[in-house]
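Lettering of chains follows the sequences in order, A, B, ..., and the numbering in each one begins at 1.
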Number of protein chains: 2
Amino acid sequence: MAARSPPKQQRWQRRAEARPEEILEAALAEFTERGFDAARMEDVAKRAGLSKAGVYLYFPSKNLLLEALIEAKVAPIAQQVRALAEHGGNDPLGTLRMIAAIAAQKLRDADVIAVPRLVVGLSGRFPDIAEYYRTHVAEVARGALEDLIEAAMQQGSLRRADVKAVSRAMIGPFFFEAMWTHVLRGESTGAPDQDVHNYLDILLKGLEPRP
Amino acid sequence: MAARSPPKQQRWQRRAEARPEEILEAALAEFTERGFDAARMEDVAKRAGLSKAGVYLYFPSKNLLLEALIEAKVAPIAQQVRALAEHGGNDPLGTLRMIAAIAAQKLRDADVIAVPRLVVGLSGRFPDIAEYYRTHVAEVARGALEDLIEAAMQQGSLRRADVKAVSRAMIGPFFFEAMWTHVLRGESTGAPDQDVHNYLDILLKGLEPRP
DNA sequence: TGTATATAACTGTCCGGTCAGTTATATACA
DNA sequence: TGTATATAACTGACCGGACAGTTATATACA
């Protein structure tokens, strides 16, 4: 009797290396779909393939999980922009075009947009998160852009203008496009790559040095 | 004995007419400050000057309160935009500049930004709200802008270009500025009015008809 | 006095976080 | 190479607090 049900599939594996990233991935998905508050830690856990208590072995609280998520998902992008900017010092205009193309492409990716969207929703309640995002992501990327713009003005390929206003003019439309399509689910404008180039043509023509 | 504490300030008044609007106002404030989920109905009630159960006399649930709120706050904006656009038919460029100035000013007002911010945060969980906002505000306003742009192209004061791309270029930077200052609490760029004009100069120069 | 409007007190549920106990794997040793 | 022991990784069941929504009762006003 008592046939020891023997298939004995093991109930779980030790995978301490892989867990953190999987949990972050699951958290991003849940937070995005339900919003930070409405997302349940139990669902994050289930999605990551372990138990709720298991999640707490890696991240001490829901809030800290959120912060870790932002750091992991977004900081690398800002660093990439900085690297690009530092690299392309002697062709600022060309580098700007390149960065714009890359940025526009990233902004089209729902996973990338997810984080800033979260930040928008949470900045009121968690000022730390807003500040972290501003200093570690937004200002880094924008700063790199502005260095390039400044360089272009210095070498005379752009006419003098308020650098911050110009960087805003470069970023704004793409950011807006991202919100339009991802948040409002409105239809997107034109063919991506062509689109970016067309806009930069307009903007740069508007900023041509006087003839 | 039993001195019935007699100052007898009456505990409440019947004010059925005024309540709904006051509750909506309070809800907007609480939802904005704490986020929809974290906001407590009890606080909304207190802020509106009645008890929690009182709120439920007027709005059947927290979700419905949210929907009513968005509807109430959004309709006036849509109407104003439409009015502006219809008004300035024969000087499209001038009207565009005017609208840009007004829009930029509005976007600087935290109360105005509050609703779109909520929408961004909630669009994932409440697709209805996102769609309502898109069709009743976003597309109306953008459509009006695009009519003007189209008119300007037709009369030859702007060169041909993708109309949607141009409207995005007009709106994007100001939207971005609003998010930068209100969400990230970053410092704002330049003197408001001057700033708007400078940017439009650049953009419109970039769109000048060929000489 | 009757009824619409208000409240205080209450209930049920949900969820973040904890903890005692279980299982997988690494290591020591025969 | 096989078995005992140690420890890291993981789980299931639970707790306490918070809060949306309800109910029973009181008060203003016609």
Taking distance alone, no hydrogens or angles, what donor-acceptor pairs closer than 3.5 Å link side-chain atoms of residues 106-115 of chain A to residues at least two apart or in another chain?
{"residue": "A/Arg108", "atom": "NH2", "partner": "A/Ala104", "partner atom": "O", "Å": "3.4"}
{"residue": "A/Asp109", "atom": "OD1", "partner": "A/Asp111", "partner atom": "N", "Å": "2.9"}

Tabulate below the donor-acceptor pairs under 3.5 Å that side-chain atoms of residues 53-61 of chain B make, not counting sequence neighbours, or state none.
{"residue": "B/Ser61", "atom": "OG", "partner": "B/Asn63", "partner atom": "N", "Å": "3.4"}
{"residue": "B/Ser61", "atom": "OG", "partner": "B/Leu64", "partner atom": "N", "Å": "3.1"}

Result block: side-chain N/O donor-acceptor pairs under 3.5 angstrom for residues 35-44 of chain B, not counting sequence neighbours:
{"residue": "B/Asp37", "atom": "OD1", "partner": "B/Arg125", "partner atom": "NH1", "Å": "3.4"}
{"residue": "B/Asp37", "atom": "OD1", "partner": "B/Arg125", "partner atom": "NH2", "Å": "3.3"}
{"residue": "B/Asp37", "atom": "OD2", "partner": "B/Arg125", "partner atom": "NH2", "Å": "2.6"}

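Per the geometry, CG belonging to A/Leu65 stands 15 Å off C1' belonging to C/dC15, to the nearest Å. Summarising the geometry, the separation between NZ on B/Lys46 and C1' on C/dA6 is reported as 16 Å, rounded to the nearest angstrom. Across the protein-nucleic acid pair, A/Glu22 atom CD and D/dA9 atom P stand 14 Å apart, rounded to whole Å. When rounded to the nearest whole Å, the span between CD of A/Gln13 and C1' of C/dT22 equals 16 Å. One atom, OH of A/Tyr56, and another, P of D/dC14, lie 19 Å apart when rounded to the nearest Å. For the pair A/Phe59 CZ and C/dG17 P, the interatomic distance rounds to 14 Å; values are reported in whole Å.
B/Ala53 comes within contact range of at least one nucleobase, with a heavy-atom separation under 4.0 Å. Residue B/Leu57 is in base contact, counting any heavy-atom pair closer than 4.0 Å across all strands shown. B/Tyr58 comes within 4.0 angstrom of sugar-phosphate atoms only, judged by non-hydrogen atoms across all strands, and of no base.
Among residues at least two apart or in separate chains, salt bridge (charged side-chain N to carboxylate O under 4.0 Å, His left out) pairs with a member in residues 167-187 of chain A are A/Arg168-B/Glu177, A/Arg168-B/Asp195, A/Glu177-B/Arg168. Each salt bridge (charged side-chain N to carboxylate O under 4.0 Å, His left out) pair with one or both residues in residues 75-93 of chain A, not counting sequence neighbours, appears once here: A/Arg82-A/Glu86.
One finds a side-chain N or O of B/Arg19 lying less than 4.0 angstrom from the OP1 or OP2 phosphate oxygen of C/dA6. In this structure, A/Gln10 reaches the C/dT25 phosphate: one of its side-chain N or O atoms is under 4.0 Å from OP1 or OP2.
Distance CZ/B/Arg19 to CG/B/Leu50: 4.5 Å, rounded to 0.5 Å.
With C/dA6, D/dA9, D/dT11 as the candidates, the nucleotide lying closest to the side chain of A/Ala16 is D/dA9. With distances taken from any side-chain atom of A/Arg11 to the nucleotides C/dT25, D/dT22, C/dT23, the minimum falls on C/dT23. Checking D/dC10, C/dT25, C/dG17 against every side-chain atom of A/Arg14, the shortest atom distance belongs to C/dT25.
With sequence neighbours left out, the side-chain contact (heavy atoms from CB on, under 4.5 Å) criterion links A/Glu71 to A/Tyr132. With sequence neighbours excluded, the residues satisfying side-chain contact (heavy atoms from CB on, under 4.5 Å) with A/Glu150 are A/Gln154, A/Arg160, A/Val163.
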Dot-bracket, 5' to 3', for DNA chain D please: Watson-Crick or G-U pairs under 3.5 Å, [ ] where pairs cross earlier ones, | where the partner sits on another strand, dots elsewhere. ||||||||||||||||||||||||||||||
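For the pairing with A/Glu25, the side chain to side chain contact (heavy atoms under 4.5 Å, CB included) check across A/Lys73, A/Glu30, A/Arg47 returns one residue only, A/Lys73.
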Could you write out each protein N or O paired with an N or O of nucleotides 17-19 of chain D at a distance under 3.5 Å?
{"residue": "D/dC19", "atom": "OP2", "partner": "B/Arg40", "partner atom": "NE", "Å": "3.2"}

